[in-house]
*Asks:* 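Quick one: the structure is below, and I'll ask about it shortly.
Heavy-atom basis, side chains included; hydrogens, waters and symmetry copies ignored.
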Amino acid sequence: MKNKVGALLKVIGFGIIIIGFIWTIVVISETESFGLGAPLFFQMFLYGMAFIGFGEVINLLQSILNKMKPAGNDQVVGEKKSLPQNIDYSETTGSAEAEIREFYAKRNRNVQEIKPTPFQDFYIVHVDGITVLVELGGFSPEVYANNNWPAEIKTWHEENFNDK
């Protein structure tokens, strides 16, 4: 999955280079001096390449993240992860709830309930009668179908919510 921010930075970079080229042609034609136009084009070319480079870095980081996510199960079989004590997992933060509801509203889906988990940025969401896991914290929410949940979250959910 490509990152929209990285792609946007690349487009901006190419736009800067094109605008710099056009601006250079205008400066050279008006002043009849190549000496004034060449440094201008060089400067705009460097700015454009910087944007393109940052866009590529973001895309590479996104591809590294995408490769790491499926591997994520480092837990030894039978080992229980201890969760932080004295933390109320029953409340969803207002910004997280707003982000999830906005995400599904754009897709014309109805959110019935949002349950926080003790795992950072993960929420269990009941949407249109289906239970899904939503991960926030990236550029856009990531939705996991029930059969693709990380093992530790699936185990935690079964232990805490199956009878509720």
Side-chain angles (χ1 to χ4, degrees), residues 1-19 44-164:
M1 178 173 93
K2 287 284 185 182
N3 190 298
K4 292 177 185 176
V5 174
L8 178 65
L9 286 174
K10 284 182 174 183
V11 169
I12 291 171
F14 284 116
I16 289 173
I17 292 172
I18 291 168
I19 289 170
M44 297 299 279
F45 181 79
L46 287 179
Y47 287 146
M49 289 305 292
F51 273 88
I52 292 169
F54 285 129
E56 188 62 29
V57 167
I58 289 175
N59 284 338
L60 288 171
L61 289 172
Q62 182 69 47
S63 69
I64 291 169
L65 177 67
N66 291 344
K67 287 179 184 175
M68 289 175 58
K69 275 193 177 182
N73 191 7
D74 295 336
Q75 189 173 354
V76 177
V77 176
E79 178 186 348
K80 291 246 181 184
K81 277 198 159 189
S82 62
L83 300 175
Q85 300 299 315
N86 302 324
I87 296 177
D88 183 14
Y89 301 117
S90 63
E91 292 295 320
T92 304
T93 63
S95 61
E97 184 171 349
E99 186 176 352
I100 292 169
R101 290 192 184 279
E102 178 183 348
F103 175 76
Y104 280 108
K106 288 179 182 176
R107 288 155 181 77
N108 295 323
R109 308 275 311 268
N110 184 25
V111 175
Q112 285 90 26
E113 182 180 17
I114 301 172
K115 295 179 190 173
T117 69
F119 304 94
Q120 183 176 359
D121 295 330
F122 283 95
Y123 297 87
I124 297 168
V125 180
H126 296 284
V127 57
D128 294 334
I130 300 169
T131 301
V132 294
L133 181 69
V134 175
E135 179 183 10
L136 302 179
F139 290 106
S140 66
E142 182 125 2
V143 179
Y144 296 87
N146 199 10
N147 57 347
N148 290 331
W149 291 14
E152 56 191 0
I153 296 176
K154 193 171 200 166
T155 301
W156 176 83
H157 182 260
E158 289 169 355
E159 290 173 356
N160 292 287
F161 291 106
N162 262 358
D163 297 325
K164 295 179 182 178

*Asks:* Counting N and O atoms only, with roles assigned by atom type, does the side chain of S63 sit under 3.5 Å from a partner on the main chain of L60, one being a donor and the other an acceptor?
*Replies:* yes
*Asks:* Does a side-chain heavy-atom distance below 4.5 Å link T117 with Y123?
*Replies:* no
*Asks:* Only counting residues at least two apart or in another chain, list the ones meeting side-chain contact (heavy atoms from CB on, under 4.5 Å) with L133.
*Replies:* F122, I124, Y144, W149, P150, I153
*Asks:* Mind checking the CD-CD spacing from E113 to E97? Nearest 0.5 Å is all I need.
*Replies:* 10.5 Å
*Asks:* Which atoms form the tightest heavy-atom contact between P116 and W156, and what is the distance?
*Replies:* O-CH2, 3.6 Å
*Asks:* Do you know which two heavy atoms are closest between I100 and V125, and how far apart they sit?
*Replies:* CG2-CG2, 3.9 Å
*Asks:* Nearest 0.5 Å please: distance from the CG atom of L9 over to the CZ atom of F51.
*Replies:* 7.0 Å
*Asks:* Taking salt bridge (Lys or Arg N to Asp or Glu O under 4.0 Å) as the cut-off, I'd like each qualifying pair that reaches into residues 46-55, sequence neighbours left out, listed once.
*Replies:* none
*Asks:* Considering residues at least two apart in sequence or located in another chain, which fulfil the side-chain contact (heavy atoms from CB on, under 4.5 Å) criterion with N148?
*Replies:* A145
*Asks:* Specify the closest pair of heavy atoms between N59 and G6, including all atoms of both residues, with the distance to one decimal.
*Replies:* OD1-CA, 3.8 Å
*Asks:* When rounded to the nearest 0.5 angstrom, what is the spacing between OG1 in T131 and NE2 in H157?
*Replies:* 6.0 Å
*Asks:* Test of understanding: with side chain to side chain donor-acceptor pair (under 3.5 Å), list the residues that count as partners of E56, not counting sequence neighbours.
*Replies:* K10
*Asks:* State which residues pass salt bridge (Lys or Arg N to Asp or Glu O under 4.0 Å) with E102; sequence neighbours excluded, sorted by chain then number.
*Replies:* K106
*Asks:* May I ask you to check if R101 and Y104 form a cation-pi contact, with NZ or CZ under 6.0 angstrom from the six-membered ring centre and within 45° of the axis?
*Replies:* no
*Asks:* Can you name the residues that form a side chain to side chain donor-acceptor pair (under 3.5 Å) with D128, not counting sequence neighbours?
*Replies:* R109
*Asks:* Rounded to the nearest 0.5 Å, what separates atom CD1 in I130 from atom CD in Q112?
*Replies:* 9.5 Å
*Asks:* If I take atom CG from residue L46 and atom CD1 from residue I16, how far apart are they, to the nearest 0.5 angstrom?
*Replies:* 11.0 Å
*Asks:* I need the E135 CD to E142 CD distance, nearest 0.5 Å.
*Replies:* 6.0 Å
*Asks:* Measure the shortest side-chain to side-chain distance between F103 and V143 over non-hydrogen atoms and say whether it is less than 4.5 angstrom.
*Replies:* yes
*Asks:* What heavy-atom pair brings G13 and I52 nearest, and what distance separates the two atoms?
*Replies:* CA-CG1, 3.9 Å
